[in-house]
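These notes concern the structure reproduced below.
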Number of protein chains: 2
Amino acid sequence: MDGQTALDTDAARPRVNNRRAGILNAAAYRFRRQGYAATTMRDIASDAGMLAGSLYYHFKSKTALLIAVHEEGVRRIADAVDSAVIAADPADPWKRLEAALAAHLNSLLDGGDYAQVVIRDLPADEPELRATLIKLRDDYEDRFRALVDALPLSNKQDAGWLRLILLGAANWSKTWYRPDGTPPAEIAAHFIRIVKNGETPGSTT
Amino acid sequence: MDGQTALDTDAARPRVNNRRAGILNAAAYRFRRQGYAATTMRDIASDAGMLAGSLYYHFKSKTALLIAVHEEGVRRIADAVDSAVIAADPADPWKRLEAALAAHLNSLLDGGDYAQVVIRDLPADEPELRATLIKLRDDYEDRFRALVDALPLSNKQDAGWLRLILLGAANWSKTWYRPDGTPPAEIAAHFIRIVKNGETPGSTT
DNA sequence: CAGTTAAACAAACATTTGTTTGGTTAATAT
DNA sequence: ATATTAACCAAACAAATGTTTGTTTAACTG
(Lines give C-alpha, C1' and ligand atoms only; values in the text may rest on other atoms or scores of the structure.)
Protein backbone atom coordinates (compact mmCIF):
# COMPACT_ATOMS: atom_id res chain seq x y z
CA MET A 1 0.00 0.00 0.00
CA ASP A 2 2.83 2.33 0.81
CA GLY A 3 4.90 1.20 -2.14
CA GLN A 4 3.42 4.00 -4.21
CA THR A 5 5.39 7.15 -4.26
CA ALA A 6 3.69 10.47 -3.73
CA LEU A 7 3.37 10.99 -7.46
CA ASP A 8 -0.41 10.71 -7.52
CA THR A 9 -0.80 12.98 -4.57
CA ASP A 10 -0.52 16.38 -6.14
CA ALA A 11 2.39 18.27 -4.67
CA ALA A 12 0.62 21.53 -5.47
CA ARG A 13 -2.22 20.39 -3.31
CA PRO A 14 -1.42 21.33 0.25
CA ARG A 15 -2.98 19.13 2.82
CA VAL A 16 -4.24 22.04 4.83
CA ASN A 17 -7.33 23.91 3.66
CA ASN A 18 -7.03 22.80 0.07
CA ARG A 19 -10.78 22.42 -0.27
CA ARG A 20 -11.60 25.90 0.95
CA ALA A 21 -11.46 27.38 -2.53
CA GLY A 22 -13.73 24.69 -3.93
CA ILE A 23 -16.30 25.23 -1.22
CA LEU A 24 -16.18 28.96 -1.72
CA ASN A 25 -16.67 28.54 -5.44
CA ALA A 26 -19.69 26.36 -4.87
CA ALA A 27 -21.15 28.83 -2.39
CA ALA A 28 -20.60 31.77 -4.73
CA TYR A 29 -22.19 29.83 -7.57
CA ARG A 30 -25.30 29.04 -5.57
CA PHE A 31 -25.59 32.42 -3.87
CA ARG A 32 -25.47 34.10 -7.25
CA ARG A 33 -28.06 31.88 -8.87
CA GLN A 34 -30.48 31.38 -6.00
CA GLY A 35 -29.68 34.07 -3.51
CA TYR A 36 -28.52 33.49 0.04
CA ALA A 37 -31.81 32.54 1.68
CA ALA A 38 -32.80 30.07 -1.02
CA THR A 39 -29.44 28.31 -0.96
CA THR A 40 -29.07 25.35 1.37
CA MET A 41 -25.92 24.01 2.90
CA ARG A 42 -26.71 20.74 1.14
CA ASP A 43 -26.70 22.55 -2.20
CA ILE A 44 -23.24 23.89 -1.55
CA ALA A 45 -21.94 20.63 -0.16
CA SER A 46 -23.25 18.69 -3.14
CA ASP A 47 -21.48 21.01 -5.58
CA ALA A 48 -18.29 20.79 -3.53
CA GLY A 49 -18.46 17.00 -3.48
CA MET A 50 -19.11 16.39 0.19
CA LEU A 51 -21.88 16.20 2.75
CA ALA A 52 -23.48 19.16 4.42
CA GLY A 53 -22.00 18.48 7.82
CA SER A 54 -18.49 18.42 6.39
CA LEU A 55 -18.76 22.07 5.48
CA TYR A 56 -18.62 22.93 9.14
CA TYR A 57 -15.07 21.74 9.34
CA HIS A 58 -14.09 24.62 7.03
CA PHE A 59 -16.65 27.29 7.91
CA LYS A 60 -18.36 27.74 11.19
CA SER A 61 -21.75 28.74 9.77
CA LYS A 62 -23.70 29.60 6.66
CA THR A 63 -23.27 33.25 7.55
CA ALA A 64 -19.50 32.87 7.69
CA LEU A 65 -19.67 31.36 4.22
CA LEU A 66 -21.54 34.37 2.90
CA ILE A 67 -19.09 36.81 4.42
CA ALA A 68 -16.16 34.87 2.99
CA VAL A 69 -17.70 34.98 -0.49
CA HIS A 70 -18.27 38.70 -0.14
CA GLU A 71 -14.71 39.31 0.97
CA GLU A 72 -13.31 37.31 -1.89
CA GLY A 73 -15.66 39.05 -4.32
CA VAL A 74 -14.66 42.51 -3.17
CA ARG A 75 -11.02 41.56 -3.33
CA ARG A 76 -11.34 40.36 -6.92
CA ILE A 77 -13.35 43.25 -8.27
CA ALA A 78 -11.21 45.79 -6.44
CA ASP A 79 -8.04 44.27 -7.84
CA ALA A 80 -9.47 44.32 -11.34
CA VAL A 81 -10.48 47.95 -11.05
CA ASP A 82 -7.20 49.02 -9.48
CA SER A 83 -5.18 47.32 -12.19
CA ALA A 84 -7.26 48.93 -14.91
CA VAL A 85 -6.87 52.38 -13.41
CA ILE A 86 -3.13 51.99 -13.07
CA ALA A 87 -2.87 50.97 -16.70
CA ALA A 88 -4.97 53.92 -17.86
CA ASP A 89 -3.69 57.27 -19.07
CA PRO A 90 -2.86 59.32 -15.95
CA ALA A 91 -3.50 62.55 -17.84
CA ASP A 92 -7.11 61.77 -18.86
CA PRO A 93 -9.41 61.50 -15.83
CA TRP A 94 -12.36 60.56 -18.03
CA LYS A 95 -10.40 57.68 -19.50
CA ARG A 96 -9.39 56.61 -16.04
CA LEU A 97 -12.99 56.54 -14.91
CA GLU A 98 -13.99 54.67 -18.05
CA ALA A 99 -11.28 52.09 -17.44
CA ALA A 100 -12.50 51.59 -13.89
CA LEU A 101 -16.10 51.28 -15.03
CA ALA A 102 -15.14 48.81 -17.73
CA ALA A 103 -13.28 46.67 -15.20
CA HIS A 104 -16.22 46.89 -12.83
CA LEU A 105 -18.63 45.82 -15.55
CA ASN A 106 -16.36 43.08 -16.74
CA SER A 107 -16.06 41.61 -13.26
CA LEU A 108 -19.80 41.83 -12.89
CA LEU A 109 -20.83 40.42 -16.25
CA ASP A 110 -18.09 38.23 -17.62
CA GLY A 111 -16.34 37.55 -14.35
CA GLY A 112 -17.11 34.72 -12.01
CA ASP A 113 -19.88 34.44 -9.49
CA TYR A 114 -18.18 36.32 -6.68
CA ALA A 115 -18.68 39.84 -7.97
CA GLN A 116 -22.38 39.22 -8.58
CA VAL A 117 -22.86 38.11 -5.01
CA VAL A 118 -21.27 41.32 -3.78
CA ILE A 119 -23.54 43.45 -5.91
CA ARG A 120 -26.72 41.52 -5.34
CA ASP A 121 -29.18 42.75 -2.77
CA LEU A 122 -28.09 41.91 0.74
CA PRO A 123 -30.01 39.76 3.19
CA ALA A 124 -31.66 41.96 5.80
CA ASP A 125 -32.07 39.26 8.42
CA GLU A 126 -29.28 40.11 10.80
CA PRO A 127 -28.50 43.83 10.97
CA GLU A 128 -24.97 43.09 12.09
CA LEU A 129 -24.29 40.89 9.08
CA ARG A 130 -25.85 43.47 6.82
CA ALA A 131 -23.61 46.19 8.19
CA THR A 132 -20.55 44.03 7.63
CA LEU A 133 -21.40 43.41 4.01
CA ILE A 134 -22.37 47.01 3.30
CA LYS A 135 -19.07 48.23 4.69
CA LEU A 136 -17.20 45.86 2.42
CA ARG A 137 -18.98 47.26 -0.62
CA ASP A 138 -18.69 50.87 0.47
CA ASP A 139 -14.95 50.59 0.89
CA TYR A 140 -14.72 49.31 -2.63
CA GLU A 141 -16.92 52.04 -4.06
CA ASP A 142 -14.70 54.70 -2.54
CA ARG A 143 -12.49 54.16 -5.56
CA PHE A 144 -15.13 55.67 -7.77
CA ARG A 145 -15.60 58.57 -5.43
CA ALA A 146 -11.97 59.51 -5.98
CA LEU A 147 -12.12 58.97 -9.72
CA VAL A 148 -15.19 61.14 -10.13
CA ASP A 149 -13.80 63.87 -7.93
CA ALA A 150 -10.81 64.12 -10.26
CA LEU A 151 -12.98 64.96 -13.26
CA PRO A 152 -13.05 68.48 -14.73
CA LEU A 153 -16.79 68.99 -14.37
CA SER A 154 -18.91 71.87 -15.57
CA ASN A 155 -20.56 71.66 -12.18
CA LYS A 156 -18.37 70.35 -9.39
CA GLN A 157 -21.47 69.60 -7.37
CA ASP A 158 -22.38 66.89 -9.85
CA ALA A 159 -19.60 64.52 -8.86
CA GLY A 160 -21.89 62.68 -6.46
CA TRP A 161 -24.69 62.37 -9.00
CA LEU A 162 -22.29 61.16 -11.64
CA ARG A 163 -21.03 58.42 -9.38
CA LEU A 164 -24.54 57.32 -8.49
CA ILE A 165 -25.67 57.28 -12.10
CA LEU A 166 -22.71 55.32 -13.38
CA LEU A 167 -22.53 52.78 -10.58
CA GLY A 168 -26.30 52.38 -10.57
CA ALA A 169 -26.52 51.87 -14.31
CA ALA A 170 -23.58 49.46 -14.14
CA ASN A 171 -24.87 47.40 -11.25
CA TRP A 172 -28.29 47.17 -12.85
CA SER A 173 -26.79 45.89 -16.09
CA LYS A 174 -26.87 42.34 -14.79
CA THR A 175 -30.63 42.33 -15.40
CA TRP A 176 -30.40 43.04 -19.10
CA TYR A 177 -26.88 41.99 -20.12
CA ARG A 178 -26.56 39.14 -22.58
CA PRO A 179 -23.19 37.50 -23.32
CA ASP A 180 -23.82 37.72 -27.05
CA GLY A 181 -24.59 41.43 -26.87
CA THR A 182 -22.43 44.51 -26.38
CA PRO A 183 -19.27 43.61 -24.43
CA PRO A 184 -18.65 45.25 -21.04
CA ALA A 185 -15.90 47.57 -22.28
CA GLU A 186 -18.20 49.01 -24.93
CA ILE A 187 -21.02 49.41 -22.45
CA ALA A 188 -18.70 51.41 -20.24
CA ALA A 189 -17.69 53.58 -23.19
CA HIS A 190 -21.32 54.34 -24.02
CA PHE A 191 -22.14 55.19 -20.43
CA ILE A 192 -19.19 57.53 -20.08
CA ARG A 193 -19.75 59.20 -23.43
CA ILE A 194 -23.37 60.01 -22.65
CA VAL A 195 -22.81 61.52 -19.23
CA LYS A 196 -19.76 63.37 -20.51
CA ASN A 197 -21.17 64.89 -23.70
CA GLY A 198 -24.91 64.71 -23.18
CA GLU A 199 -27.57 63.96 -25.73
CA THR A 200 -28.56 67.43 -26.82
CA PRO A 201 -28.37 67.74 -30.65
CA GLY A 202 -25.32 69.64 -31.82
CA SER A 203 -22.96 68.52 -29.12
CA THR A 204 -19.70 67.40 -30.63
CA THR A 205 -18.75 63.81 -30.16
CA MET B 1 -69.52 23.42 -9.88
CA ASP B 2 -70.48 27.00 -10.38
CA GLY B 3 -67.39 28.83 -11.44
CA GLN B 4 -67.74 32.15 -9.72
CA THR B 5 -65.92 34.94 -11.46
CA ALA B 6 -66.47 37.53 -8.79
CA LEU B 7 -64.46 40.71 -9.11
CA ASP B 8 -62.16 40.69 -6.15
CA THR B 9 -61.78 44.44 -6.35
CA ASP B 10 -65.50 44.98 -6.08
CA ALA B 11 -66.29 46.77 -2.82
CA ALA B 12 -70.03 46.28 -3.21
CA ARG B 13 -69.84 43.21 -1.00
CA PRO B 14 -67.64 44.12 1.95
CA ARG B 15 -68.01 40.72 3.47
CA VAL B 16 -66.44 38.97 0.53
CA ASN B 17 -62.69 39.07 0.19
CA ASN B 18 -62.37 42.15 2.34
CA ARG B 19 -59.18 40.80 3.88
CA ARG B 20 -57.42 40.30 0.58
CA ALA B 21 -55.95 43.78 0.58
CA GLY B 22 -54.67 43.41 4.11
CA ILE B 23 -52.98 40.13 3.31
CA LEU B 24 -51.44 41.59 0.19
CA ASN B 25 -50.14 44.56 2.15
CA ALA B 26 -48.55 42.26 4.70
CA ALA B 27 -46.98 40.16 1.97
CA ALA B 28 -45.63 43.20 0.15
CA TYR B 29 -44.22 44.54 3.41
CA ARG B 30 -42.41 41.33 4.19
CA PHE B 31 -41.25 40.60 0.65
CA ARG B 32 -39.75 44.06 0.47
CA ARG B 33 -37.94 43.85 3.77
CA GLN B 34 -36.81 40.23 3.79
CA GLY B 35 -37.11 39.08 0.23
CA TYR B 36 -39.33 36.28 -0.99
CA ALA B 37 -37.32 33.26 0.14
CA ALA B 38 -36.72 34.59 3.63
CA THR B 39 -40.36 35.42 4.20
CA THR B 40 -42.54 32.72 5.76
CA MET B 41 -46.26 32.30 5.46
CA ARG B 42 -46.38 32.67 9.22
CA ASP B 43 -44.72 36.07 8.95
CA ILE B 44 -47.38 37.27 6.55
CA ALA B 45 -50.21 35.70 8.50
CA SER B 46 -49.01 37.28 11.71
CA ASP B 47 -48.95 40.74 10.15
CA ALA B 48 -52.37 40.18 8.65
CA GLY B 49 -53.78 39.06 11.99
CA MET B 50 -54.47 35.43 11.27
CA LEU B 51 -52.86 32.01 11.20
CA ALA B 52 -50.72 30.68 8.41
CA GLY B 53 -53.25 28.15 7.24
CA SER B 54 -55.93 30.78 6.88
CA LEU B 55 -53.97 32.45 4.11
CA TYR B 56 -54.79 29.51 1.88
CA TYR B 57 -58.40 30.47 1.83
CA HIS B 58 -57.43 33.65 -0.05
CA PHE B 59 -54.37 32.54 -2.01
CA LYS B 60 -53.62 29.09 -3.21
CA SER B 61 -49.88 29.24 -2.55
CA LYS B 62 -46.96 31.40 -1.55
CA THR B 63 -46.10 31.76 -5.21
CA ALA B 64 -49.58 33.07 -6.00
CA LEU B 65 -49.08 35.63 -3.25
CA LEU B 66 -45.86 36.83 -4.84
CA ILE B 67 -47.45 37.11 -8.26
CA ALA B 68 -50.37 39.05 -6.83
CA VAL B 69 -48.02 41.50 -5.13
CA HIS B 70 -46.12 41.94 -8.37
CA GLU B 71 -49.27 42.56 -10.36
CA GLU B 72 -50.50 45.12 -7.88
CA GLY B 73 -47.09 46.76 -7.80
CA VAL B 74 -46.86 47.05 -11.54
CA ARG B 75 -50.39 48.42 -11.67
CA ARG B 76 -49.57 51.12 -9.14
CA ILE B 77 -46.28 52.24 -10.58
CA ALA B 78 -47.62 52.16 -14.12
CA ASP B 79 -50.62 54.27 -13.14
CA ALA B 80 -48.37 56.79 -11.40
CA VAL B 81 -46.11 57.08 -14.43
CA ASP B 82 -48.97 57.30 -16.90
CA SER B 83 -50.65 60.07 -14.92
CA ALA B 84 -47.42 62.02 -14.68
CA VAL B 85 -46.77 61.77 -18.40
CA ILE B 86 -50.30 62.88 -19.24
CA ALA B 87 -49.90 65.91 -17.00
CA ALA B 88 -46.54 66.83 -18.56
CA ASP B 89 -45.96 69.29 -21.39
CA PRO B 90 -46.74 67.42 -24.61
CA ALA B 91 -44.33 69.67 -26.53
CA ASP B 92 -41.23 68.91 -24.45
CA PRO B 93 -40.18 65.26 -24.74
CA TRP B 94 -37.36 65.73 -22.22
CA LYS B 95 -39.84 67.06 -19.66
CA ARG B 96 -42.14 64.16 -20.35
CA LEU B 97 -39.35 61.68 -19.73
CA GLU B 98 -38.34 63.53 -16.59
CA ALA B 99 -41.92 63.44 -15.32
CA ALA B 100 -42.08 59.71 -15.93
CA LEU B 101 -38.74 59.17 -14.21
CA ALA B 102 -39.82 61.27 -11.26
CA ALA B 103 -43.03 59.26 -10.89
CA HIS B 104 -41.04 56.03 -11.18
CA LEU B 105 -38.61 57.17 -8.51
CA ASN B 106 -41.37 58.42 -6.27
CA SER B 107 -43.20 55.10 -6.43
CA LEU B 108 -39.96 53.31 -5.71
CA LEU B 109 -38.69 55.47 -2.88
CA ASP B 110 -41.57 57.20 -1.19
CA GLY B 111 -44.28 54.85 -2.41
CA GLY B 112 -45.43 51.77 -0.59
CA ASP B 113 -43.84 48.37 -0.54
CA TYR B 114 -45.34 47.08 -3.76
CA ALA B 115 -43.11 48.93 -6.20
CA GLN B 116 -39.98 47.82 -4.36
CA VAL B 117 -41.00 44.19 -4.64
CA VAL B 118 -41.43 44.60 -8.38
CA ILE B 119 -37.98 46.11 -8.74
CA ARG B 120 -36.17 43.80 -6.39
CA ASP B 121 -34.25 40.87 -7.79
CA LEU B 122 -36.55 38.03 -8.74
CA PRO B 123 -36.42 34.54 -7.30
CA ALA B 124 -34.83 32.17 -9.79
CA ASP B 125 -36.29 29.01 -8.33
CA GLU B 126 -39.05 28.25 -10.80
CA PRO B 127 -38.25 29.41 -14.34
CA GLU B 128 -41.94 29.67 -15.11
CA LEU B 129 -42.57 32.02 -12.20
CA ARG B 130 -39.54 34.03 -13.14
CA ALA B 131 -40.76 34.44 -16.70
CA THR B 132 -44.15 35.61 -15.46
CA LEU B 133 -42.64 38.28 -13.25
CA ILE B 134 -40.15 39.45 -15.86
CA LYS B 135 -42.91 39.87 -18.40
CA LEU B 136 -44.87 42.00 -15.95
CA ARG B 137 -41.91 44.32 -15.49
CA ASP B 138 -41.01 44.42 -19.17
CA ASP B 139 -44.49 45.49 -20.15
CA TYR B 140 -44.21 48.33 -17.71
CA GLU B 141 -40.81 49.42 -18.93
CA ASP B 142 -42.08 49.68 -22.48
CA ARG B 143 -43.38 53.09 -21.44
CA PHE B 144 -39.83 54.33 -21.15
CA ARG B 145 -38.93 52.85 -24.46
CA ALA B 146 -41.55 55.05 -26.11
CA LEU B 147 -40.58 58.13 -24.12
CA VAL B 148 -36.91 57.81 -25.01
CA ASP B 149 -37.64 57.16 -28.65
CA ALA B 150 -39.49 60.48 -28.79
CA LEU B 151 -36.40 62.44 -27.76
CA PRO B 152 -34.50 64.62 -30.25
CA LEU B 153 -31.16 62.92 -29.77
CA SER B 154 -27.79 63.85 -31.24
CA ASN B 155 -27.41 60.16 -31.93
CA LYS B 156 -30.65 58.25 -32.45
CA GLN B 157 -28.81 55.02 -31.72
CA ASP B 158 -28.40 56.13 -28.11
CA ALA B 159 -32.08 55.77 -27.21
CA GLY B 160 -31.51 52.30 -25.89
CA TRP B 161 -28.49 53.29 -23.83
CA LEU B 162 -30.31 56.25 -22.42
CA ARG B 163 -33.15 54.07 -21.25
CA LEU B 164 -30.80 51.57 -19.66
CA ILE B 165 -28.81 54.27 -17.90
CA LEU B 166 -31.82 56.08 -16.51
CA LEU B 167 -33.80 53.04 -15.43
CA GLY B 168 -30.68 51.41 -14.03
CA ALA B 169 -29.65 54.44 -12.05
CA ALA B 170 -33.23 54.86 -10.83
CA ASN B 171 -33.75 51.27 -9.80
CA TRP B 172 -30.43 51.22 -8.00
CA SER B 173 -31.33 54.32 -6.02
CA LYS B 174 -33.07 52.24 -3.41
CA THR B 175 -29.65 51.23 -2.11
CA TRP B 176 -28.50 54.77 -1.34
CA TYR B 177 -31.69 56.82 -1.02
CA ARG B 178 -32.44 58.37 2.37
CA PRO B 179 -35.83 59.94 3.12
CA ASP B 180 -34.14 63.01 4.56
CA GLY B 181 -32.03 63.50 1.46
CA THR B 182 -32.78 64.75 -2.03
CA PRO B 183 -36.45 64.11 -2.90
CA PRO B 184 -37.28 61.81 -5.83
CA ALA B 185 -38.37 64.61 -8.16
CA GLU B 186 -35.04 66.38 -7.73
CA ILE B 187 -33.14 63.18 -8.25
CA ALA B 188 -34.96 62.71 -11.53
CA ALA B 189 -34.12 66.27 -12.56
CA HIS B 190 -30.42 65.72 -11.88
CA PHE B 191 -30.37 62.45 -13.80
CA ILE B 192 -32.09 63.96 -16.83
CA ARG B 193 -29.97 67.08 -16.84
CA ILE B 194 -26.73 65.15 -16.82
CA VAL B 195 -27.57 62.78 -19.63
CA LYS B 196 -29.09 65.62 -21.61
CA ASN B 197 -26.36 68.24 -21.28
CA GLY B 198 -23.34 66.22 -20.30
CA GLU B 199 -20.60 67.16 -17.88
CA THR B 200 -18.03 68.62 -20.21
CA PRO B 201 -17.03 72.13 -19.03
CA GLY B 202 -18.67 74.87 -21.05
CA SER B 203 -21.61 72.81 -22.20
CA THR B 204 -24.08 74.43 -19.82
CA THR B 205 -27.07 75.35 -21.90
C1' DC C 1 -86.20 30.26 12.52
C1' DA C 2 -83.11 27.12 9.73
C1' DG C 3 -79.68 26.93 5.95
C1' DT C 4 -75.86 28.55 3.77
C1' DT C 5 -71.39 30.14 3.41
C1' DA C 6 -67.34 33.33 3.95
C1' DA C 7 -63.65 33.23 6.91
C1' DA C 8 -60.91 31.77 10.20
C1' DC C 9 -58.93 28.46 13.66
C1' DA C 10 -56.40 24.50 15.61
C1' DA C 11 -53.71 20.96 14.70
C1' DA C 12 -51.32 18.23 12.24
C1' DC C 13 -48.64 16.81 7.99
C1' DA C 14 -44.28 15.57 5.55
C1' DT C 15 -40.14 17.90 4.30
C1' DT C 16 -36.46 20.72 4.67
C1' DT C 17 -33.57 23.57 7.25
C1' DG C 18 -28.86 24.74 9.72
C1' DT C 19 -26.15 22.54 12.78
C1' DT C 20 -23.97 19.03 16.05
C1' DT C 21 -21.89 14.79 17.31
C1' DG C 22 -19.05 10.79 17.25
C1' DG C 23 -16.65 7.85 14.50
C1' DT C 24 -13.57 6.80 10.30
C1' DT C 25 -9.82 7.30 6.92
C1' DA C 26 -5.50 8.41 5.35
C1' DA C 27 -1.60 11.27 5.24
C1' DT C 28 2.03 13.25 8.10
C1' DA C 29 5.24 13.64 11.82
C1' DT C 30 7.94 11.49 15.62
C1' DA D 1 5.37 1.45 14.32
C1' DT D 2 2.97 4.90 16.91
C1' DA D 3 0.76 9.11 17.53
C1' DT D 4 -1.26 12.92 15.53
C1' DT D 5 -4.33 15.36 12.86
C1' DA D 6 -6.66 17.19 8.59
C1' DA D 7 -10.69 15.93 6.35
C1' DC D 8 -14.68 13.76 5.82
C1' DC D 9 -18.77 10.69 6.58
C1' DA D 10 -22.99 9.00 8.64
C1' DA D 11 -26.53 9.95 11.36
C1' DA D 12 -29.06 12.42 14.02
C1' DC D 13 -31.04 16.76 16.04
C1' DA D 14 -34.53 20.42 16.97
C1' DA D 15 -36.57 23.92 14.69
C1' DA D 16 -38.80 25.81 10.84
C1' DT D 17 -41.02 25.30 6.44
C1' DG D 18 -45.29 25.31 3.01
C1' DT D 19 -49.44 23.14 2.96
C1' DT D 20 -53.66 20.24 4.16
C1' DT D 21 -57.43 18.85 6.91
C1' DG D 22 -61.50 18.91 9.80
C1' DT D 23 -63.92 21.96 12.61
C1' DT D 24 -65.81 26.19 14.30
C1' DT D 25 -67.58 30.98 14.24
C1' DA D 26 -70.40 34.46 12.63
C1' DA D 27 -72.65 36.85 9.21
C1' DC D 28 -75.94 36.82 5.56
C1' DT D 29 -80.31 34.85 3.14
C1' DG D 30 -84.63 32.57 2.55
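Recorded end-axis angle for the helix from C:dC1-D:dG30 to C:dT30-D:dA1 stands at 0°, based on five pairs per end and rounded to 10 degrees.
In this structure, A:His104 has its ring center under 6.0 Å from that of A:Tyr140.
Side chains of B:Ser46 and B:Asp43: no donor on one and acceptor on the other come within 3.5 Å.
Here D:dT20 presents its C1' atom at 12 Å from CE of B:Met41, a figure rounded to the nearest Å. Atom NZ of B:Lys60 is separated from atom C1' of D:dT20 by 15 Å (rounded to the nearest Å). Rounded to whole Å, atom P of C:dT19 lies 19 Å from atom OH of A:Tyr57. In this structure, CG of A:Leu55 is placed 14 Å from C1' of C:dT17, rounded to the nearest angstrom. Counting to the nearest Å, the P atom of C:dG18 and the NZ atom of A:Lys62 are 4 Å from each other.
Heavy atoms of other residues, nucleotides or ligands lying less than 6.0 angstrom from CZ of B:Arg33 number 12 at most.
With respect to the salt-bridge test (charged N to carboxylate O, under 4.0 angstrom), the residues B:Asp149 and B:Arg145 do not qualify. Using a cutoff of 4.0 Å between basic side-chain nitrogens and carboxylate oxygens, B:Arg75 and B:Asp79 are scored as salt-bridged.
For DNA chain C, the neighbouring residues in residues 20-39 of chain A, judged by any heavy atom under 4.0 Å, are A:Thr39.
Comparing atom distances between the A:His58 side chain and each of C:dG18, D:dC8, D:dT19 picks out D:dC8 as nearest.
With A:Tyr29 contributing its side chain and A:Ile44 its backbone, the two residues share no donor-acceptor pair below 3.5 Å. Although no hydrogens or angles enter the test, the distance criterion places a donor-acceptor pair under 3.5 Å between the side chain of A:Lys156 and the main chain of A:Leu151.
Between A:Trp172 and B:Trp172, the ring-plane angle classifies as perpendicular under the 30° and 60° cut-offs.
Considering only side-chain N and O atoms, B:Tyr56 lies under 4.0 angstrom from the phosphate OP1 or OP2 of D:dT19. At C:dA7, none of the side-chain N or O atoms of B:Arg19 fall inside 4.0 Å of OP1 or OP2 (strictly under the cut-off).
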Checklist entry - Once each nucleotide of nucleotides 9-16 of chain D is scored for protein heavy atoms under 4.0 Å, what B/S/- sequence comes out, 5' to 3'? => result BB-B----
Next on the checklist: As a quick check of understanding, evaluate salt bridge (charged side-chain N to carboxylate O under 4.0 Å, His left out) for A:Arg96 and A:Asp92, giving each step before the final call.
Outcome noted: CA-CA 6 Å; A:Arg96 290 168 64 82; A:Asp92 190 341; over 6 Å; no
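Contact annotation: the side chain of A:Phe59 approaches that of A:Arg20 to within less than 4.5 Å [non-hydrogen atoms, C-beta and beyond].
Atoms CD and CZ, on A:Glu186 and A:Arg193 in that order, are 11.0 Å from each other to the nearest 0.5 Å.
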